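Notes to accompany the following structure.
Ligands are counted one by one from 1 in listed order, and the atoms in each one are counted from 1 as well. Just so it is clear, the structure is predicted and the values come from calculations on it, not from any experiment. Residues: numbered from 1 along the sequence shown.
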Amino acid sequence: MAEQEISSRRWPMVVVANTLPVRRTKEKGRSIWEVSPGGLVSALQPIIQRAQGAWVGWTGTAGRAPDPFMHGDIANIPVPIGAAELRGFYQGVCNRTLWPLYHDAIRQPEYHRHWWVHYRAVNERFANAAAKTVAPGGLVWVHDYHLHLVPGILRKLRGDVRIGFFLHIPFPPEELFTRLPWRRQILEGTLGADVVGFQTKAGAHNFTRLAQRYAAARGRGSRLQFAGRSVHVAAYPISIDFEKYESVARHPAVLNHAEELRKNLGSGRKIILGVDRLDYTKGIDVRVKAFGELLSRELQTIDDTVFVQVAVPSRERIEEYQELRSSVEELVGQINGRFGEVGVAPVHYLRRNLPFEELIAMYRAADVMLVTPYCDGMNLVAKEYVATRFDNTGVLILSEFAGAAPELHNAQLVNPHDVDSLAEAMHHGLTLAPKDAKKNMRAMRRVVKRHTVHDWANSFMKSLKGKG
Ligand code: GDG
(Lines give C-alpha, C1' and ligand atoms only; values in the text may rest on other atoms or scores of the structure.)
Protein backbone atom coordinates (compact mmCIF):
# COMPACT_ATOMS: atom_id res chain seq x y z
CA MET A 1 0.00 0.00 0.00
CA ALA A 2 1.45 3.38 -0.98
CA GLU A 3 2.31 5.92 1.74
CA GLN A 4 -0.36 8.28 0.41
CA GLU A 5 -3.01 5.59 0.66
CA ILE A 6 -2.00 4.64 4.24
CA SER A 7 -2.08 8.29 5.34
CA SER A 8 -5.48 9.03 3.84
CA ARG A 9 -7.13 5.79 4.96
CA ARG A 10 -9.18 5.65 8.20
CA TRP A 11 -8.83 2.56 10.37
CA PRO A 12 -11.61 1.02 12.52
CA MET A 13 -9.22 0.15 15.36
CA VAL A 14 -6.21 2.21 16.48
CA VAL A 15 -3.67 1.47 19.21
CA VAL A 16 -1.78 4.46 20.60
CA ALA A 17 1.38 3.68 22.59
CA ASN A 18 4.64 5.44 23.28
CA THR A 19 6.54 3.20 20.86
CA LEU A 20 5.55 1.46 17.62
CA PRO A 21 5.33 -2.35 17.58
CA VAL A 22 8.35 -2.49 15.23
CA ARG A 23 11.94 -1.34 15.51
CA ARG A 24 14.74 -0.59 13.06
CA THR A 25 17.38 -3.24 12.58
CA LYS A 26 19.98 -4.24 9.97
CA GLU A 27 19.68 -7.27 7.73
CA LYS A 28 22.52 -7.96 5.27
CA GLY A 29 23.58 -4.34 5.61
CA ARG A 30 20.07 -3.11 4.80
CA SER A 31 17.96 -1.26 7.36
CA ILE A 32 14.60 -3.00 7.90
CA TRP A 33 11.72 -2.96 10.42
CA GLU A 34 11.28 -5.99 12.67
CA VAL A 35 8.58 -6.71 15.22
CA SER A 36 9.69 -5.61 18.70
CA PRO A 37 9.85 -8.43 21.20
CA GLY A 38 7.40 -8.28 24.08
CA GLY A 39 4.05 -9.45 25.30
CA LEU A 40 2.08 -6.30 24.53
CA VAL A 41 2.90 -6.42 20.85
CA SER A 42 2.09 -10.10 20.50
CA ALA A 43 -1.17 -9.65 22.43
CA LEU A 44 -2.40 -6.72 20.40
CA GLN A 45 -1.18 -7.86 17.00
CA PRO A 46 -3.93 -10.45 16.37
CA ILE A 47 -6.61 -8.00 17.50
CA ILE A 48 -5.35 -5.23 15.26
CA GLN A 49 -4.87 -7.59 12.36
CA ARG A 50 -8.40 -8.95 12.74
CA ALA A 51 -9.81 -5.44 12.96
CA GLN A 52 -7.58 -4.09 10.15
CA GLY A 53 -6.06 -1.59 12.45
CA ALA A 54 -3.31 0.91 12.84
CA TRP A 55 -0.72 1.64 15.53
CA VAL A 56 0.29 5.21 16.39
CA GLY A 57 3.66 5.50 18.16
CA TRP A 58 7.22 6.75 18.23
CA THR A 59 10.09 4.98 16.39
CA GLY A 60 12.56 5.27 19.26
CA THR A 61 14.76 7.81 17.47
CA ALA A 62 14.54 11.53 18.15
CA GLY A 63 13.90 13.90 15.27
CA ARG A 64 11.86 13.61 12.09
CA ALA A 65 9.55 10.63 11.77
CA PRO A 66 9.39 8.38 8.70
CA ASP A 67 6.23 8.29 6.57
CA PRO A 68 3.45 5.90 7.62
CA PHE A 69 4.15 2.34 6.45
CA MET A 70 2.62 -1.12 6.50
CA HIS A 71 4.32 -3.92 8.41
CA GLY A 72 2.49 -7.19 7.98
CA ASP A 73 -1.19 -6.26 8.11
CA ILE A 74 -0.67 -3.35 10.50
CA ALA A 75 -0.44 0.30 9.47
CA ASN A 76 2.32 2.01 11.47
CA ILE A 77 1.80 5.74 11.98
CA PRO A 78 5.05 7.24 13.35
CA VAL A 79 4.85 10.32 15.58
CA PRO A 80 7.99 12.50 15.76
CA ILE A 81 9.57 13.49 19.09
CA GLY A 82 12.36 16.09 19.06
CA ALA A 83 15.56 15.79 21.11
CA ALA A 84 14.60 18.52 23.63
CA GLU A 85 11.08 17.10 23.88
CA LEU A 86 12.54 13.70 24.59
CA ARG A 87 14.36 15.11 27.60
CA GLY A 88 11.28 16.86 28.97
CA PHE A 89 8.63 14.32 28.01
CA TYR A 90 10.33 10.92 28.19
CA GLN A 91 13.36 11.31 30.45
CA GLY A 92 11.55 14.00 32.45
CA VAL A 93 7.82 13.64 33.21
CA CYS A 94 7.59 9.96 32.21
CA ASN A 95 10.70 8.57 33.86
CA ARG A 96 11.58 11.05 36.60
CA THR A 97 8.14 12.23 37.67
CA LEU A 98 5.40 9.67 37.00
CA TRP A 99 7.47 6.46 37.13
CA PRO A 100 8.91 7.07 40.64
CA LEU A 101 5.71 8.71 41.94
CA TYR A 102 3.52 5.81 40.79
CA HIS A 103 5.97 3.28 42.29
CA ASP A 104 5.52 4.36 45.91
CA ALA A 105 7.93 7.31 45.41
CA ILE A 106 10.82 4.97 46.20
CA ARG A 107 12.97 7.55 44.43
CA GLN A 108 12.22 11.24 44.82
CA PRO A 109 9.96 12.33 41.91
CA GLU A 110 10.95 15.62 40.28
CA TYR A 111 8.49 18.25 39.12
CA HIS A 112 9.62 20.75 36.49
CA ARG A 113 7.25 23.03 34.64
CA HIS A 114 9.42 23.06 31.51
CA TRP A 115 9.17 19.24 31.36
CA TRP A 116 5.39 19.43 31.59
CA VAL A 117 5.22 21.74 28.55
CA HIS A 118 6.87 18.96 26.53
CA TYR A 119 4.66 16.26 28.02
CA ARG A 120 1.55 18.18 26.96
CA ALA A 121 2.92 18.96 23.49
CA VAL A 122 3.85 15.33 22.80
CA ASN A 123 0.46 14.12 24.07
CA GLU A 124 -1.27 16.61 21.76
CA ARG A 125 0.73 15.32 18.82
CA PHE A 126 -0.19 11.69 19.57
CA ALA A 127 -3.86 12.65 19.98
CA ASN A 128 -3.87 14.55 16.68
CA ALA A 129 -2.28 11.61 14.90
CA ALA A 130 -4.90 9.26 16.38
CA ALA A 131 -7.71 11.64 15.41
CA LYS A 132 -6.54 11.62 11.78
CA THR A 133 -6.13 7.84 11.73
CA VAL A 134 -9.32 6.44 13.25
CA ALA A 135 -12.43 5.75 11.15
CA PRO A 136 -15.82 7.28 12.06
CA GLY A 137 -17.22 5.46 15.08
CA GLY A 138 -13.95 3.51 15.45
CA LEU A 139 -12.09 2.29 18.55
CA VAL A 140 -8.92 3.79 20.01
CA TRP A 141 -6.90 2.02 22.72
CA VAL A 142 -4.36 4.27 24.47
CA HIS A 143 -1.54 2.75 26.55
CA ASP A 144 0.25 3.80 29.66
CA TYR A 145 1.52 6.71 31.69
CA HIS A 146 3.28 8.39 28.79
CA LEU A 147 -0.08 9.29 27.26
CA HIS A 148 -2.46 10.24 30.08
CA LEU A 149 -3.67 13.35 28.25
CA VAL A 150 -4.42 11.66 24.93
CA PRO A 151 -7.98 10.46 25.77
CA GLY A 152 -9.10 13.98 26.80
CA ILE A 153 -7.60 15.73 23.77
CA LEU A 154 -8.87 13.07 21.37
CA ARG A 155 -12.36 13.26 22.86
CA LYS A 156 -12.53 16.97 21.91
CA LEU A 157 -11.30 16.27 18.39
CA ARG A 158 -13.38 13.16 17.74
CA GLY A 159 -16.56 12.88 19.79
CA ASP A 160 -17.68 9.95 17.61
CA VAL A 161 -15.06 7.37 18.66
CA ARG A 162 -14.82 4.97 21.62
CA ILE A 163 -11.64 5.49 23.64
CA GLY A 164 -9.95 3.07 26.05
CA PHE A 165 -6.98 3.74 28.33
CA PHE A 166 -4.89 1.08 30.08
CA LEU A 167 -2.22 1.80 32.69
CA HIS A 168 0.53 -0.85 32.85
CA ILE A 169 2.06 0.38 36.11
CA PRO A 170 0.45 0.86 39.55
CA PHE A 171 -1.89 3.82 40.08
CA PRO A 172 -0.89 5.32 43.42
CA PRO A 173 -2.97 6.12 46.49
CA GLU A 174 -4.14 9.62 47.32
CA GLU A 175 -1.22 10.50 49.68
CA LEU A 176 1.21 10.14 46.79
CA PHE A 177 -0.83 11.22 43.77
CA THR A 178 -1.91 14.50 45.28
CA ARG A 179 1.72 15.69 45.31
CA LEU A 180 1.61 15.91 41.53
CA PRO A 181 1.37 19.54 40.39
CA TRP A 182 -0.55 18.36 37.29
CA ARG A 183 -2.89 15.96 39.10
CA ARG A 184 -6.08 17.56 37.76
CA GLN A 185 -4.83 17.54 34.16
CA ILE A 186 -3.77 13.87 34.42
CA LEU A 187 -7.14 12.84 35.86
CA GLU A 188 -9.23 14.87 33.43
CA GLY A 189 -7.11 13.70 30.50
CA THR A 190 -7.59 10.06 31.47
CA LEU A 191 -11.34 10.57 32.06
CA GLY A 192 -11.66 11.44 28.35
CA ALA A 193 -11.74 7.64 27.87
CA ASP A 194 -14.89 5.49 27.95
CA VAL A 195 -13.00 2.64 29.63
CA VAL A 196 -10.09 3.16 32.03
CA GLY A 197 -8.27 -0.06 32.92
CA PHE A 198 -5.75 -0.89 35.66
CA GLN A 199 -3.71 -3.97 36.55
CA THR A 200 -5.33 -4.38 39.98
CA LYS A 201 -8.49 -3.52 41.86
CA ALA A 202 -6.40 -1.30 44.14
CA GLY A 203 -5.31 0.83 41.17
CA ALA A 204 -8.90 1.14 39.92
CA HIS A 205 -10.09 2.06 43.40
CA ASN A 206 -7.39 4.75 43.83
CA PHE A 207 -8.33 6.27 40.49
CA THR A 208 -12.07 6.31 41.23
CA ARG A 209 -11.50 8.10 44.54
CA LEU A 210 -9.10 10.65 43.10
CA ALA A 211 -11.27 11.34 40.04
CA GLN A 212 -14.14 12.28 42.38
CA ARG A 213 -11.98 14.34 44.61
CA TYR A 214 -9.91 16.30 42.12
CA ALA A 215 -11.70 16.08 38.77
CA ALA A 216 -15.40 16.49 39.51
CA ALA A 217 -16.26 12.94 38.48
CA ARG A 218 -19.31 11.46 40.19
CA GLY A 219 -20.64 7.95 40.77
CA ARG A 220 -19.59 4.82 42.53
CA GLY A 221 -18.06 1.42 41.94
CA SER A 222 -16.88 0.94 38.40
CA ARG A 223 -19.18 3.57 36.82
CA LEU A 224 -18.20 7.22 36.93
CA GLN A 225 -19.97 10.18 35.36
CA PHE A 226 -17.71 12.86 33.96
CA ALA A 227 -18.57 15.80 31.66
CA GLY A 228 -21.97 14.28 30.88
CA ARG A 229 -20.52 10.88 29.87
CA SER A 230 -20.16 7.54 31.53
CA VAL A 231 -16.65 6.20 32.25
CA HIS A 232 -16.11 2.53 33.12
CA VAL A 233 -13.20 2.03 35.55
CA ALA A 234 -12.02 -1.53 36.27
CA ALA A 235 -9.11 -3.94 36.77
CA TYR A 236 -7.91 -5.96 33.76
CA PRO A 237 -4.83 -7.89 35.00
CA ILE A 238 -2.44 -8.44 32.10
CA SER A 239 -1.00 -11.88 31.43
CA ILE A 240 1.21 -13.81 29.01
CA ASP A 241 0.90 -16.12 26.02
CA PHE A 242 0.94 -19.27 28.16
CA GLU A 243 1.05 -21.72 25.25
CA LYS A 244 3.99 -20.00 23.62
CA TYR A 245 6.08 -20.11 26.81
CA GLU A 246 5.12 -23.69 27.52
CA SER A 247 5.82 -24.93 24.01
CA VAL A 248 9.21 -23.21 23.77
CA ALA A 249 10.07 -24.64 27.21
CA ARG A 250 9.30 -28.17 25.95
CA HIS A 251 11.51 -27.79 22.90
CA PRO A 252 14.41 -30.33 22.99
CA ALA A 253 17.02 -27.69 22.08
CA VAL A 254 15.84 -25.48 24.96
CA LEU A 255 15.85 -28.40 27.39
CA ASN A 256 19.38 -29.34 26.30
CA HIS A 257 20.47 -25.78 26.80
CA ALA A 258 18.96 -25.78 30.30
CA GLU A 259 20.92 -28.97 31.10
CA GLU A 260 24.10 -27.36 29.84
CA LEU A 261 23.49 -24.32 32.01
CA ARG A 262 23.07 -26.55 35.04
CA LYS A 263 26.31 -28.36 34.24
CA ASN A 264 28.21 -25.11 33.69
CA LEU A 265 26.96 -23.66 36.96
CA GLY A 266 28.04 -26.80 38.80
CA SER A 267 26.10 -30.07 38.84
CA GLY A 268 24.52 -30.62 42.20
CA ARG A 269 24.20 -26.92 42.90
CA LYS A 270 20.67 -25.56 43.08
CA ILE A 271 20.02 -22.49 40.99
CA ILE A 272 18.28 -19.36 42.21
CA LEU A 273 17.35 -16.98 39.39
CA GLY A 274 16.35 -13.32 39.08
CA VAL A 275 15.38 -11.71 35.74
CA ASP A 276 14.55 -8.02 35.61
CA ARG A 277 15.05 -4.77 33.81
CA LEU A 278 17.78 -3.01 35.79
CA ASP A 279 15.24 -0.79 37.53
CA TYR A 280 15.16 0.47 41.12
CA THR A 281 11.58 -0.78 41.54
CA LYS A 282 12.55 -4.42 41.03
CA GLY A 283 14.24 -5.06 44.39
CA ILE A 284 17.50 -6.39 42.92
CA ASP A 285 19.76 -4.82 45.57
CA VAL A 286 18.01 -6.25 48.64
CA ARG A 287 17.67 -9.59 46.85
CA VAL A 288 21.44 -9.79 46.31
CA LYS A 289 22.03 -8.78 49.93
CA ALA A 290 19.64 -11.51 51.08
CA PHE A 291 21.62 -14.09 49.11
CA GLY A 292 24.75 -12.90 50.94
CA GLU A 293 22.84 -13.33 54.19
CA LEU A 294 21.87 -16.88 53.22
CA LEU A 295 25.58 -17.70 52.85
CA SER A 296 26.80 -15.78 55.86
CA ARG A 297 24.24 -17.43 58.14
CA GLU A 298 25.37 -20.75 56.64
CA LEU A 299 21.82 -21.66 55.69
CA GLN A 300 23.38 -22.72 52.36
CA THR A 301 26.93 -22.98 51.03
CA ILE A 302 28.39 -22.14 47.65
CA ASP A 303 28.65 -25.86 46.93
CA ASP A 304 24.90 -26.23 47.38
CA THR A 305 23.63 -23.18 45.61
CA VAL A 306 24.31 -20.44 43.07
CA PHE A 307 22.47 -17.22 42.31
CA VAL A 308 22.07 -15.99 38.72
CA GLN A 309 20.82 -12.44 38.17
CA VAL A 310 19.94 -11.33 34.64
CA ALA A 311 19.67 -7.54 34.56
CA VAL A 312 18.52 -5.99 31.31
CA PRO A 313 20.01 -2.51 30.76
CA SER A 314 17.31 0.16 31.02
CA ARG A 315 17.04 3.99 30.96
CA GLU A 316 20.80 4.25 31.20
CA ARG A 317 20.92 8.01 30.76
CA ILE A 318 19.08 8.63 34.01
CA GLU A 319 21.19 9.18 37.12
CA GLU A 320 19.13 6.99 39.47
CA TYR A 321 19.60 4.06 37.08
CA GLN A 322 23.37 4.61 36.90
CA GLU A 323 23.48 4.68 40.72
CA LEU A 324 21.47 1.48 40.96
CA ARG A 325 23.79 -0.26 38.52
CA SER A 326 26.85 0.74 40.56
CA SER A 327 25.32 -0.35 43.84
CA VAL A 328 24.16 -3.74 42.50
CA GLU A 329 27.57 -4.36 40.91
CA GLU A 330 29.30 -3.42 44.15
CA LEU A 331 27.11 -5.81 46.15
CA VAL A 332 27.74 -8.66 43.70
CA GLY A 333 31.49 -7.96 43.92
CA GLN A 334 31.38 -7.97 47.72
CA ILE A 335 29.58 -11.31 47.90
CA ASN A 336 31.78 -12.96 45.29
CA GLY A 337 34.86 -11.54 47.02
CA ARG A 338 33.79 -12.75 50.43
CA PHE A 339 32.36 -16.19 49.67
CA GLY A 340 33.82 -17.18 46.28
CA GLU A 341 36.58 -19.72 45.63
CA VAL A 342 38.84 -19.98 42.62
CA GLY A 343 36.53 -21.28 39.88
CA VAL A 344 33.36 -21.03 42.03
CA ALA A 345 31.38 -17.80 41.96
CA PRO A 346 28.37 -17.54 44.29
CA VAL A 347 26.67 -14.90 42.13
CA HIS A 348 26.58 -14.78 38.33
CA TYR A 349 25.50 -11.35 37.15
CA LEU A 350 24.57 -10.92 33.48
CA ARG A 351 23.85 -7.34 32.47
CA ARG A 352 22.34 -7.93 29.06
CA ASN A 353 19.22 -8.84 27.16
CA LEU A 354 19.18 -12.60 26.53
CA PRO A 355 17.75 -14.08 23.33
CA PHE A 356 14.24 -15.43 23.98
CA GLU A 357 15.16 -19.17 23.86
CA GLU A 358 18.04 -18.58 26.25
CA LEU A 359 15.74 -16.83 28.70
CA ILE A 360 13.37 -19.80 28.60
CA ALA A 361 16.30 -22.20 29.14
CA MET A 362 17.25 -20.10 32.20
CA TYR A 363 13.69 -20.41 33.55
CA ARG A 364 13.89 -24.16 32.99
CA ALA A 365 17.25 -24.42 34.74
CA ALA A 366 16.15 -22.45 37.82
CA ASP A 367 15.07 -24.36 40.94
CA VAL A 368 13.94 -21.16 42.64
CA MET A 369 12.75 -18.00 40.89
CA LEU A 370 13.05 -14.73 42.80
CA VAL A 371 10.62 -12.00 41.78
CA THR A 372 10.85 -9.41 44.52
CA PRO A 373 9.90 -5.92 43.29
CA TYR A 374 9.18 -3.20 45.85
CA CYS A 375 6.26 -2.19 43.69
CA ASP A 376 5.19 -3.50 40.27
CA GLY A 377 2.12 -3.10 38.04
CA MET A 378 1.92 -6.84 37.36
CA ASN A 379 5.32 -8.49 36.68
CA LEU A 380 5.25 -10.85 33.75
CA VAL A 381 8.48 -12.65 34.67
CA ALA A 382 6.62 -14.42 37.51
CA LYS A 383 3.93 -15.67 35.10
CA GLU A 384 6.49 -16.64 32.45
CA TYR A 385 8.43 -18.79 34.93
CA VAL A 386 5.24 -20.58 35.92
CA ALA A 387 4.31 -21.21 32.26
CA THR A 388 7.67 -22.88 31.54
CA ARG A 389 7.35 -25.33 34.48
CA PHE A 390 5.29 -27.91 32.55
CA ASP A 391 6.44 -30.68 34.92
CA ASN A 392 5.17 -28.67 37.94
CA THR A 393 8.68 -28.39 39.39
CA GLY A 394 10.27 -25.17 40.67
CA VAL A 395 9.51 -22.66 43.40
CA LEU A 396 8.39 -19.07 42.89
CA ILE A 397 9.25 -16.53 45.56
CA LEU A 398 7.09 -13.49 44.88
CA SER A 399 6.83 -10.03 46.37
CA GLU A 400 3.59 -9.12 48.12
CA PHE A 401 3.83 -5.83 46.23
CA ALA A 402 3.75 -7.23 42.70
CA GLY A 403 0.42 -6.87 40.90
CA ALA A 404 0.70 -10.62 40.21
CA ALA A 405 0.56 -11.51 43.94
CA PRO A 406 -3.25 -11.79 44.31
CA GLU A 407 -3.47 -14.20 41.36
CA LEU A 408 -0.31 -16.15 42.28
CA HIS A 409 -1.08 -16.47 45.97
CA ASN A 410 0.27 -20.03 45.89
CA ALA A 411 3.76 -18.61 45.44
CA GLN A 412 5.95 -18.07 48.50
CA LEU A 413 4.94 -14.48 49.20
CA VAL A 414 7.58 -12.20 50.78
CA ASN A 415 8.17 -8.64 51.89
CA PRO A 416 10.93 -7.58 49.45
CA HIS A 417 12.38 -5.04 51.92
CA ASP A 418 13.00 -7.63 54.62
CA VAL A 419 16.50 -9.10 54.09
CA ASP A 420 16.16 -11.75 56.80
CA SER A 421 12.79 -13.04 55.62
CA LEU A 422 14.05 -13.09 52.06
CA ALA A 423 17.08 -15.19 53.04
CA GLU A 424 14.78 -17.55 54.96
CA ALA A 425 12.37 -17.74 52.03
CA MET A 426 15.27 -18.71 49.74
CA HIS A 427 16.33 -21.41 52.18
CA HIS A 428 12.76 -22.64 52.49
CA GLY A 429 12.36 -22.66 48.69
CA LEU A 430 15.59 -24.59 48.20
CA THR A 431 14.63 -27.25 50.73
CA LEU A 432 10.88 -27.52 50.05
CA ALA A 433 9.60 -31.08 49.66
CA PRO A 434 9.05 -31.78 45.92
CA LYS A 435 5.43 -32.79 46.53
CA ASP A 436 4.64 -29.44 48.19
CA ALA A 437 6.44 -27.52 45.45
CA LYS A 438 4.43 -29.42 42.84
CA LYS A 439 1.15 -28.71 44.54
CA ASN A 440 1.85 -24.96 44.53
CA MET A 441 3.15 -24.90 40.99
CA ARG A 442 0.16 -26.85 39.69
CA ALA A 443 -2.22 -24.33 41.28
CA MET A 444 -0.33 -21.36 39.80
CA ARG A 445 -0.17 -22.92 36.36
CA ARG A 446 -3.94 -23.36 36.36
CA VAL A 447 -4.37 -19.64 37.05
CA VAL A 448 -1.99 -18.45 34.34
CA LYS A 449 -3.29 -20.95 31.78
CA ARG A 450 -6.87 -19.89 32.39
CA HIS A 451 -6.18 -16.18 31.96
CA THR A 452 -3.76 -15.46 29.14
CA VAL A 453 -2.77 -12.20 27.49
CA HIS A 454 -5.32 -12.94 24.78
CA ASP A 455 -8.09 -13.13 27.39
CA TRP A 456 -6.81 -9.83 28.81
CA ALA A 457 -6.93 -8.06 25.44
CA ASN A 458 -10.30 -9.59 24.54
CA SER A 459 -11.92 -8.60 27.82
CA PHE A 460 -10.68 -5.01 27.52
CA MET A 461 -11.91 -4.85 23.92
CA LYS A 462 -15.29 -6.22 24.96
CA SER A 463 -15.66 -3.39 27.49
CA LEU A 464 -14.46 -0.87 24.92
CA LYS A 465 -17.13 -2.01 22.49
CA GLY A 466 -19.61 -1.50 25.32
CA LYS A 467 -20.43 -5.21 25.56
CA GLY A 468 -19.13 -6.09 28.95
C1 GDG B 1 5.69 -2.99 32.73
C2 GDG B 1 5.26 -2.96 34.20
C3 GDG B 1 3.86 -5.01 33.77
C4 GDG B 1 13.42 -9.57 30.75
N5 GDG B 1 14.70 -9.92 30.58
C6 GDG B 1 14.80 -10.43 29.34
C7 GDG B 1 13.55 -10.39 28.74
N8 GDG B 1 12.71 -9.86 29.64
C9 GDG B 1 11.28 -9.67 29.42
C10 GDG B 1 10.50 -10.58 30.34
C11 GDG B 1 9.15 -9.88 30.43
C12 GDG B 1 9.53 -8.40 30.24
O13 GDG B 1 10.87 -8.35 29.76
C14 GDG B 1 9.49 -7.65 31.56
O15 GDG B 1 8.16 -7.47 31.93
P16 GDG B 1 7.74 -7.12 33.42
O17 GDG B 1 6.27 -7.28 33.54
O18 GDG B 1 8.48 -8.03 34.34
O19 GDG B 1 8.24 -5.63 33.71
P20 GDG B 1 8.28 -4.13 33.01
O21 GDG B 1 9.24 -4.10 31.89
O22 GDG B 1 8.58 -3.22 34.13
O23 GDG B 1 6.79 -3.87 32.43
C24 GDG B 1 4.93 -4.38 34.67
C25 GDG B 1 4.24 -4.87 32.30
O26 GDG B 1 4.56 -3.50 31.97
C27 GDG B 1 3.09 -5.34 31.38
O28 GDG B 1 1.91 -4.65 31.61
O29 GDG B 1 3.74 -6.37 34.10
O30 GDG B 1 4.47 -4.35 36.01
O31 GDG B 1 6.26 -2.39 35.02
O32 GDG B 1 8.31 -10.26 29.38
O33 GDG B 1 10.47 -11.86 29.75
N34 GDG B 1 13.31 -10.85 27.50
C35 GDG B 1 14.36 -11.37 26.81
N36 GDG B 1 15.62 -11.40 27.33
C37 GDG B 1 15.89 -10.96 28.59
O38 GDG B 1 17.04 -10.99 29.02
N39 GDG B 1 14.16 -11.86 25.57
Side-chain angles (χ1 to χ4, degrees), residues 15 17-19 23 34-44 94-95 98-104 106 141 143-146 165-172 197-200 202-203 235-242 244-245 248-249 254 257 261 273-284 308-315 321 324 348-366 369-388 396 398-399 401-408 416 448 451-453 456-457 460:
V15 167
N18 181 44
T19 48
R23 61 182 188 187
E34 68 167 14
V35 175
S36 302
L40 183 65
V41 174
S42 52
L44 296 181
C94 293
N95 288 334
L98 299 179
W99 180 269
L101 182 71
Y102 284 19
H103 288 92
D104 283 351
I106 54 175
W141 189 356
H143 288 264
D144 231 359
Y145 62 107
H146 315 86
F165 178 87
F166 182 77
L167 186 71
H168 289 259
I169 65 176
F171 192 77
F198 297 91
Q199 299 275 26
T200 60
Y236 299 85
I238 199 167
S239 190
I240 57 159
D241 185 342
F242 183 90
K244 178 174 157 202
Y245 282 84
V248 175
V254 170
H257 190 45
L261 282 168
L273 176 67
V275 173
D276 313 78
R277 264 188 318 101
L278 191 43
D279 193 291
Y280 52 75
T281 59
K282 301 290 185 183
I284 304 170
V308 180
Q309 175 66 52
V310 178
V312 181
S314 181
R315 305 177 192 169
Y321 288 76
L324 173 78
H348 289 249
Y349 168 74
L350 310 178
R351 195 180 62 83
R352 73 191 69 133
N353 196 6
L354 300 178
F356 184 68
E357 277 77 14
E358 213 169 311
L359 174 71
I360 306 304
M362 281 274 184
Y363 286 152
R364 280 300 313 169
M369 184 79 211
L370 274 179
V371 180
T372 58
Y374 303 128
C375 184
D376 212 334
M378 175 57 59
N379 197 296
L380 298 180
V381 168
K383 292 188 172 179
E384 291 167 6
Y385 178 68
V386 166
T388 63
L396 174 65
L398 179 62
S399 162
F401 308 127
E407 283 173 276
L408 301 183
V448 184
H451 179 73
T452 68
V453 73
W456 166 78
F460 190 92

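- Closest heavy-atom approach to atom 15 (O) of ligand 1 within the set Leu380, Asn379, Val453: this belongs to Leu380.
- Leu324 and Asp279 make their closest contact through CD2-C, 3.4 Å (heavy atoms, listed as atom of the first residue, atom of the second, distance).
- In terms of N/O distances under 3.5 Å, ligand 1 is approached by Glu384.
- Closest approach of Asp104 and Tyr374 over heavy atoms only: OD2-O, 4.0 Å.
- Note: Phe171 and Tyr102 have perpendicular aromatic rings, judged against thresholds of 30 and 60 degrees for the angle between ring planes.
- For ligand 1, the atoms lying closer than 4.0 Å to a non-hydrogen atom of His168 are 2 (C), 3 (C), 26 (O), 27 (C), 28 (O), 30 (O).
- Those atoms of ligand 1 with a heavy atom of Gln199 less than 4.0 angstrom away are 3 (C), 28 (O).
- Of all heavy-atom pairs between Ile240 and Ala387, the closest is CD1-CB, 3.6 Å.
- The ligand atoms of ligand 1 that sit less than 4.0 angstrom from a heavy atom of Gly377 are 30 (O).
- Using a 4.0 Å cut-off between heavy atoms, Leu354 contacts ligand 1 through both its backbone and its side chain.
- Within the 4.0 Å heavy-atom criterion, both parts of Asn353, backbone and side chain, lie near ligand 1.
- Every atom of ligand 1 is numbered from 1 in the order shown, and the set under 4.0 Å from a heavy atom of Val275 is 4 (C), 5 (N).
- Any N or O atom pair closer than 3.5 Å counts here, and Trp99 shares no such pair with ligand 1.
- Ligand 1 places these atoms under 4.0 Å from at least one heavy atom of Arg277: 20 (P), 21 (O), 22 (O).
- Lys244 forms a cation-pi arrangement with Phe356, by the criterion of a distance under 6.0 Å to the ring centre and an angle within 45° of the ring axis.
- Checked by distance only, ligand 1 and Val312 stay at 3.5 Å or farther apart across all their nitrogen or oxygen atoms.
- Each of the following atoms of ligand 1 lies closer than 4.0 Å to a heavy atom of Val381: 10 (C), 18 (O).
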Given the rule in the side chain to side chain contact (heavy atoms under 4.5 Å, CB included) test, do Leu408 and Leu396 qualify, once you have shown the distances and angles that lead to the verdict? CA-CA 9 Å; Leu408 301 183; Leu396 174 65; 4.0 Å; yes
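- Nearest approach of Pro373 to Ala402, heavy atoms of both residues: CG-CB, 3.9 Å.
- Of all the heavy atoms of Lys282, the ones lying under 4.0 Å from any atom of ligand 1 belong exclusively to the side chain.
- Between Phe166 and Tyr236, the distance from one ring center to the other does not fall under 6.0 angstrom.
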Apply side chain to side chain donor-acceptor pair (under 3.5 Å) to residues Asp276 and Gln309 and explain how you reach the verdict. CA-CA 8 Å; Asp276 313 78; Gln309 175 66 52; 2.9 Å; yes
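- Checked by distance only, ligand 1 and Ile169 stay at 3.5 Å or farther apart across all their nitrogen or oxygen atoms.
- Backbone and side-chain nitrogen or oxygen atoms of Ile238 are examined, and none is located within less than 3.5 angstrom of a nitrogen or oxygen of ligand 1.
- Shown in contact with Leu359 at under 4.0 Å from a heavy atom are these atoms of ligand 1, numbered in order with element: 7 (C), 33 (O), 34 (N), 35 (C).
- In this structure, Gly203 and Phe198 approach most closely via the heavy-atom pair C-CG, 3.8 Å.
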